[in-house]
Every structure is written in structure tokens, then in C-alpha cells.
Number of protein chains: 2
Amino acid sequence: MYTDSQKEECSASLGEAMQVMGSKWSFWVIGELATAPRRFNELRRGLGNISTKSLTEVLRSLEQARIIRRQVFATVPVTVEYSMTDKGMDFLQVYYAMQGWGEKWKDYDIQVQGDKI
Amino acid sequence: MYTDSQKEECSASLGEAMQVMGSKWSFWVIGELATAPRRFNELRRGLGNISTKSLTEVLRSLEQARIIRRQVFATVPVTVEYSMTDKGMDFLQVYYAMQGWGEKWKDYDIQVQGDKI
DNA sequence: CAGTATCCGACATGATACTG
DNA sequence: CAGTATCATGTCGGATACTG
């Protein structure tokens, strides 16, 4: 997804954060898990229109990035719980920064400056 | 790109911020313009591998979101300068939050907790 | 319950050629 | 210089059906 040149010249740490948002669903999942752990189908219902395939993919990718944790319980039928890691919880700071920014500039109308030349 | 239900139940303000990142290039463009205004081909060179088409699209979308400003100067040949708006500059806060977070958790290894059941 | 497997269309991105 | 136009391609995400 990212070329080497990008990783080198720009900060790799930014790329890490961008990976989190690879999917358009990542944020909604994080928003859900921020309040409480959830199970697969709970998330599915909470998110509304996501397919099992997409949800699985997002969860796997967030798990690999260590934003969330996946725990399997040997009940019958099996229970799987997703929850935030410390890293994930700390990401909420970014999450809220985005939210705050969006809120703040909701009705911004650009001011045109006079010509320079 | 976003369903109505999402816009309603979750904050629309978050969606606004997410639109900024619609393209994988948006962040690199913002990073470039954060330091100084640039012209089209300057950006192109700075970003490395972007096609004129993709760059145009990103710029138009950021312009529409009022993150950046596009100014045309009637030189020969024509000069076009892109620069950040106030809203755009304020977005850097999010940008840096992401960067800081990525840096902070760079080498995080998840801690496994004991089973619960 | 919590997925996997498969098919498919829409869209993002790139390469290339051309223009005022 | 700063794009537009066109074509090609790969990936994303949804729908559907099936499974331990």
C-alpha cells in the first residue's frame, strides 16, 4: 500500500496510524469497542450494514495492528470477544481530535484573499 | 460513501475528518503544504510517484473540503499555488496526534491476559 | 455463534497521451 | 505550467451461501 520512498522520507509513524484507517469501517469499530468489549455479531448489529466478510477483515487488521484483542472462550457455541488494547485506548485521543476538529469547522466558509499579482 | 444510518447514529463530524483521508495521498499533500505553499508540479515532485490525475483529484477534494486554497496567477505560463486554509492548519493538530501516537506505540507488544473462562 | 468461500461490480489509482 | 481525457488494472466491499 505504501511505497518505500514514502516510508523513508515521511515519517513511518504516520503510516502506522494511517493503516488503522485503511478501512472505512475501522473507526466505527473502534468507536464501538471504546465503550465496551463486544462479540462478533454484536458489532455487526451495532455497525448496521457491514458484511461478515468486511467485518472479519477489519477485525483481523486491527488485531494485527494490536489496536484490539481477540479472545476465544470455549463455550458451546463458541464465544469470541473483541476488546481494546492499551494502544487502542490511546488511539482514542486521535479519534477525539478528529471528532473535535470536524465539529469545530463544521460551518467554515473560506475567506477569499485579494490577488497577489 | 457513508450510509445515512452511520451519519445519524455516529457523529457526522467524524465523517468530515474521514473524508479528508479519503485518498491515501491526502496526508502527504497536507504534510507538504503545512510548511509552505506549493505549486502543482512542486507537489508532484515532492510526493514522488503520484500521477497528475491522482494529484488533481486529491487537490480538488481537499479544496472542496476547504482544507486548502487554490490561487491562480495570470503569469505566462499560468502559475497556480496551493496553500493551507485556517481549517487546514488546524487539522495539523490531528495530523500530529496521529504521528505522535504512531511513534509512541511503535514497538508495542501486546500483553496476553489469562483466560477468563 | 463466528466465521470462511466465492462471485461480482464499483471505485481508486496508475500510465499514457494530449492541451490552453 | 497545470492540468484534462482515456484506458487499464487492482483492490475494496457487498451479497450470498455454506460450516465447525
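Bear in mind that the values here come from a model prediction, so they are computed numbers and not experimental data. All chains are named by letter (A, B, ...) in the order of the sequence lines, taking the proteins before the strands, and each is independently numbered beginning at 1.
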Checklist entry - Between C:dA2 atom P and A:Leu43 atom CG, what is the distance in whole Å? => result 9 Å

Checklist entry - Backbone N or O of A:Phe73 within a donor-acceptor pair of the A:Thr79 side chain at under 3.5 Å? => result no

Checklist entry - What residues, two or more places apart in sequence or in another chain, satisfy side chain to side chain contact (heavy atoms under 4.5 Å, CB included) together with B:Gln93? => result B:Asp90

Next on the checklist: Each nucleotide in nucleotides 13-20 of chain D should get exactly one letter: B, S or -. Can you fill that in based on protein heavy atoms under 4.0 Å?
Outcome noted: BBBB----

Next on the checklist: Any side-chain N or O of B:Arg70 below 4.0 angstrom from OP1/OP2 of D:dG3?
Outcome noted: yes

Checklist entry - Rounded to the nearest Å, what distance is computed from the CZ atom of residue B:Arg38 to the P atom of nucleotide D:dA2? => result 13 Å

Checklist outcome for this item: Regarding the side chain of B:Arg39, the nearest nucleotide among D:dA2, C:dA2, D:dG3 is D:dA2

Item to check | Degree of bending in the helix from C:dC1-D:dG20 to C:dG20-D:dC1 once both end axes are built from five pairs, to 10° | outcome: 50°

Checklist entry - Does B:Tyr82 make a side-chain N or O approach to OP1 or OP2 of D:dG3 shorter than 4.0 Å? => result yes

Next on the checklist: How many whole angstroms separate atom CG of B:Leu55 from atom P of C:dT13?
Outcome noted: 12 Å

Next on the checklist: Whole angstroms only, please: what is the CG-P distance between B:Leu59 and D:dC1?
Outcome noted: 16 Å

Item to check | Minimum side-chain heavy-atom gap A:Trp28-B:Leu14 below 4.5 Å | outcome: yes

Item to check | B:Ser23: partners by side chain to side chain contact (heavy atoms under 4.5 Å, CB included), with sequence neighbours left out | outcome: B:Trp25, B:Ser26, B:Val58

Checklist entry - Parallel, tilted or perpendicular: which describes the rings of B:Phe91 and A:Trp101, with under 30° parallel and over 60° perpendicular? => result perpendicular

Item to check | Ionic contact status for B:Lys87 with B:Glu16, cut-off 4.0 Å | outcome: yes

Checklist outcome for this item: note: B:Glu81, atom CD; D:dG3, atom C1'; distance rounded to Å ~ 17 Å

Next on the checklist: Within the structure provided, determine whether A:Ile68 and A:Thr85 are in side-chain contact (heavy-atom separation under 4.5 Å).
Outcome noted: no

Checklist outcome for this item: Residue set satisfying side chain to side chain contact (heavy atoms under 4.5 Å, CB included) with A:Lys53, at least two apart, ordered chain then number -> A:Ser51, A:Glu57

Can you give each donor-acceptor pair under 3.5 Å made by side-chain atoms of residues 33-42 of chain B, sequence neighbours left out, with the distance rounded to 0.1 Å?
from    : atom 1 : to      : atom 2 : distance (Å)
B:Thr35 : OG1    : B:Glu32 : O      : 2.9
B:Thr35 : OG1    : B:Arg38 : NH2    : 3.2
B:Glu42 : OE1    : B:Arg39 : N      : 2.7

Item to check | Euclidean distance, atom CG of residue B:Leu47 to atom C1' of C:dT13 [Å, nearest integer] | outcome: 14 Å

Checklist entry - Within less than 4.0 Å of OP1 or OP2 of C:dT4, is there a side-chain N or O belonging to A:Arg60? => result yes

Checklist outcome for this item: Taken to the nearest whole Å, CG/B:Asn41 to P/D:dT4 is 13 Å

